[in-house]
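Numbering of ligands and ligand atoms starts at 1, following listing order. Numbers here are sequence positions counted from 1. Just so it is clear, the structure is predicted and the values come from calculations on it, not from any experiment.
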Amino acid sequence: MMVLTRKMIEIRNILTQVGQSNTLTLPSIVVIGSQSSGKSSVLEAIVGHEFLPKGSNMVTRRPIELTLVNTPNAQAEYGEFPALGLGKITDFSQIQRTLTDLNLAVSDKDCVSDDPIQLHIYSPHVPDLSMIDLPGYIQVAGSDQPPELKQKISDLCDKYIQAPNIILAISAADVDLANSTALRASRRVDPRGERTIGVITKMDLVDAERGASILTDKKYPLRLGYVGVVSRVPQTTTLFSRGSGNITNAIVKNERAYFSAHPSHFGPNSETSVGVPTLREKLMNVLEQTMARSLAGTRDAISQELEEATYEFKVQYNDRPLSAESYLAESLDSFKHSFKAFAESFGRPQVRELLKHELDQRVMDILAQRYWNKPIEDLSEATLDVDPLKDLPKADPENLYWHRKLDASTSNLTKLGIGRVATTVVASALQQHVERLVAQSTFASHPYAQNAIMEACNGILNDRFFSTSDQVENCIKPYKFEIEVEEPEWAKGRESVSKVLKEELTACEGALRRVEDQIGKRKLKDVMSFVDKVRKGEAVLEGNGAGGAGGFSAALLEKGREGIFLRDRADIIKMRLLAVRSKQCSTLKNKYYCPEVFLDVVADKLTSTAVLFLNVELLSEFYYNFPRELDQRLGRHLSDSEVERFAREDPRVRRHLDVIKKKETLELALQKIESLRQLEGRSRNAGRGE
Ligand code: GDP
């Protein structure tokens, strides 16, 4: 019949995976007792090894859920912490150290925690038992312990000693039973003494008569009775056998020597029940019976929980199956798919446009610096020999001044570090696109995957950056010395720069309107005309101008200057737009009149050359490597627990997975409990038949 306990323990462990809901607990033996009552000694005598934390500093701070599994055909004895994944531990002092560490991880401030430690012990010498060791009761909290500790321990024990659990109340023989905290606690929850086993330790410390009278106590009667033990490890046990061998025999031998010396009190014909083997036997029987009684109730509880989980799965998730691996694989697939679609839409023409646009801006800046610098801040510039704006349309092709100006501008453009600029523009475009794809993908709610993807992306781009920008820079090198332009290129450049100038004009006018909107059209007009007057010397800025003048605040004056800048810039662009469209600019011969067109042609040549190499060095490489890098980081190289952790980052996925897991676990538990009931039914019938 012992098979029942074993199977129930198995089911109990399955159910703990679902989370400890109150209805779903299977009975266990809960061990309570005051500090130093001999609680650890009893448990160790049953297990046959010293494995519990020892020390004066409150070393049991968390419940230890101890599952003993009898392995009749095995030689080895070992322990396992299922939640820690440390594997089999055959050295019990290692188990002791681990338990000590786990307990001491609870801070001195809290001192106790209700988060249980699960420990399984497999041995041919242990019975199938499920026991829970709790922190020992204390009388008063020590000076370095929180004052509420006594209450906290008591509350924690109360939580565990509820029905249907069996209470193993440990009291020492040399302490008056009336003072036993364990018995008092048990009485509170089990007033009729129906599910409490009394264990009296240290029987050797009182005389036999007194010992026997404790065991037959009538004042605190317990239906399951009292068992007296001498569970201390005898001093004679060698260090060697204490460390590695099984200590049960030594304890039992020592204990038997004591009890058999007093046959009238403890012999087979006495009323008392004594010895660790008797206790073991009793625990097994009581647990077995309790489990058998709870079989039907537990079955109902499980099937009800299962119904709820099944319903939730249907209603919330439409019975859609999901696993962490399938979720990751699908997410990765669809991300790679969207990346492929992007890669197909972002090729040479797009890179070309991007880069040309960037260079157009640089061309505008160079033009503004070298040609369009109509004196704004400093009127003294009007005294220059040549007023560039006025003079440009008739710029003399023979005049070295205009040659130098165009050469310098061209050189500004070719030497601005095209390699770096181009690579940066394309790399950051790729990066932004990948960011956008991530944001639109299921990975959006997975910080871990997001990081991995962006690291993969940036890793490749960084790797390629220097060689790409070097290559590009090398290839445009010839343009730094000479640029040949053909008439058709000129015509195209003229078209192109007209468009750019128009856009620039629109941008300027838009900016001016925004300033107007900020301070009002009228006010802007007033402050601009004041600033204009200052420029022309018709008005003065009082003081140093910082505090404001002409009735305008410093901030308003600043807006006025901005307005004038934008207005003037718009005027210049309009004029230059007319010039570019004029007949004069229709031919390459007049390139000195039309630096805009010339620089556009140069920008276009630089762009074309750069794009060729960007395509090979950066784009193709990126498109080839990125999906592979994703596979590396998010594909098969992740461990199961990493995949699980990834999937669980998304709360919706986590809930979905939880429901499935709960359903599967409950189904398994239910299946096991059904077959157990059948087994039990059969053996009951067989019993009757005999
Ligand atoms: P716990 O604090 O309740 O876990 O108590 P321990 O099992 O650590 O025991 C406290 C002390 O009592 C230790 O020094 C043990 O050696 C001693 N002890 C435990 N059981 C017995 C026993 O049956 N007889 C004697 N004489 N001492 C015992």
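Look at Gly33 and you'll find every heavy atom at least 4.0 Å from all atoms of ligand 1. Between Ser37 and ligand 1 there is a heavy-atom distance shorter than 4.0 Å.
For the residues Ala45, Gly38, Pro53, the heavy atom positioned nearest atom 9 (O) of ligand 1 is part of Gly38. Checking Gly136, Ser231, Ser36 against atom 23 (O) of ligand 1, the nearest heavy atom belongs to Ser231. For the residues Met203, Glu50, Glu44, Arg232, the heavy atom positioned nearest atom 28 (C) of ligand 1 is part of Arg232.
Annotation for ligand 1: atoms under 4.0 Å from non-hydrogen atoms of Ser40 are 1 (P), 4 (O), 7 (O). Close approach to Ser41 involves these atoms of ligand 1, each under 4.0 Å from a residue heavy atom: 6 (P), 7 (O), 9 (O), 19 (C), 20 (N). Within ligand 1, counting atoms from 1 as listed, the ones closer than 4.0 Å to a heavy atom of Asp204 are 22 (C), 23 (O), 24 (N), 25 (C), 26 (N). Interface of Val230 with ligand 1, defined as ligand atoms under 4.0 Å from a residue heavy atom, comprises 23 (O). Near Ser34, meaning under 4.0 Å from any of its heavy atoms, are these atoms of ligand 1: 3 (O).
Not less than 6.0 angstrom separates the ring centroid of Tyr448 from the ring centroid of Phe646.
Checked for salt-bridge contact, Glu312 and Arg655 miss the test: no charged N lies under 4.0 Å from a carboxylate O. Checked for salt-bridge contact, Lys202 and Asp174 miss the test: no charged N lies under 4.0 Å from a carboxylate O.
Proximity of Leu322 to Ile660: side-chain heavy atoms (C-beta onward) are separated by under 4.5 Å at one or more points.
Less than 4.0 angstrom separates atom 12 (O) of ligand 1 from at least one non-hydrogen atom of the protein. By the definition of a contact as any protein heavy atom under 4.0 Å away, atom 19 (C) of ligand 1 is in contact.
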**Request:** Given salt bridge (charged side-chain N to carboxylate O under 4.0 Å, His left out), test Glu10 with Arg6 step by step and report yes or no.
**Result:** CA-CA 6 Å; Glu10 201 183 307; Arg6 188 192 185 87; 5.7 Å; no
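The ring pair (Phe, Tyr, Trp, His ring centres under 6.0 Å) check on Phe266 picks up Phe259, with sequence neighbours excluded. With sequence neighbours excluded, no residue forms a salt bridge (Lys or Arg N to Asp or Glu O under 4.0 Å) with Arg280.
Partner Pro53 forms a side chain to side chain contact (heavy atoms under 4.5 Å, CB included) with one of Leu102, Thr98, Asn103, Ile95 and no other, that one being Asn103. Between Glu77 and the choices His49, His125, Lys88, the side-chain hydrogen bond (donor to acceptor under 3.5 Å, both in side chains) rule is met once, by His49.
Residue-to-ligand polar distances place Lys202 within reach of ligand 1: an N/O pair is separated by less than 3.5 Å. Taking distance alone, with nitrogen or oxygen atoms compared against 3.5 Å, Gln35 stays at or beyond that limit from ligand 1.
In this structure, a donor-acceptor pair under 3.5 Å is present between the side chains of Gln151 and Asp155.
At a heavy-atom distance under 4.0 Å, only side-chain atoms of Leu205, from C-beta outward, approach ligand 1.
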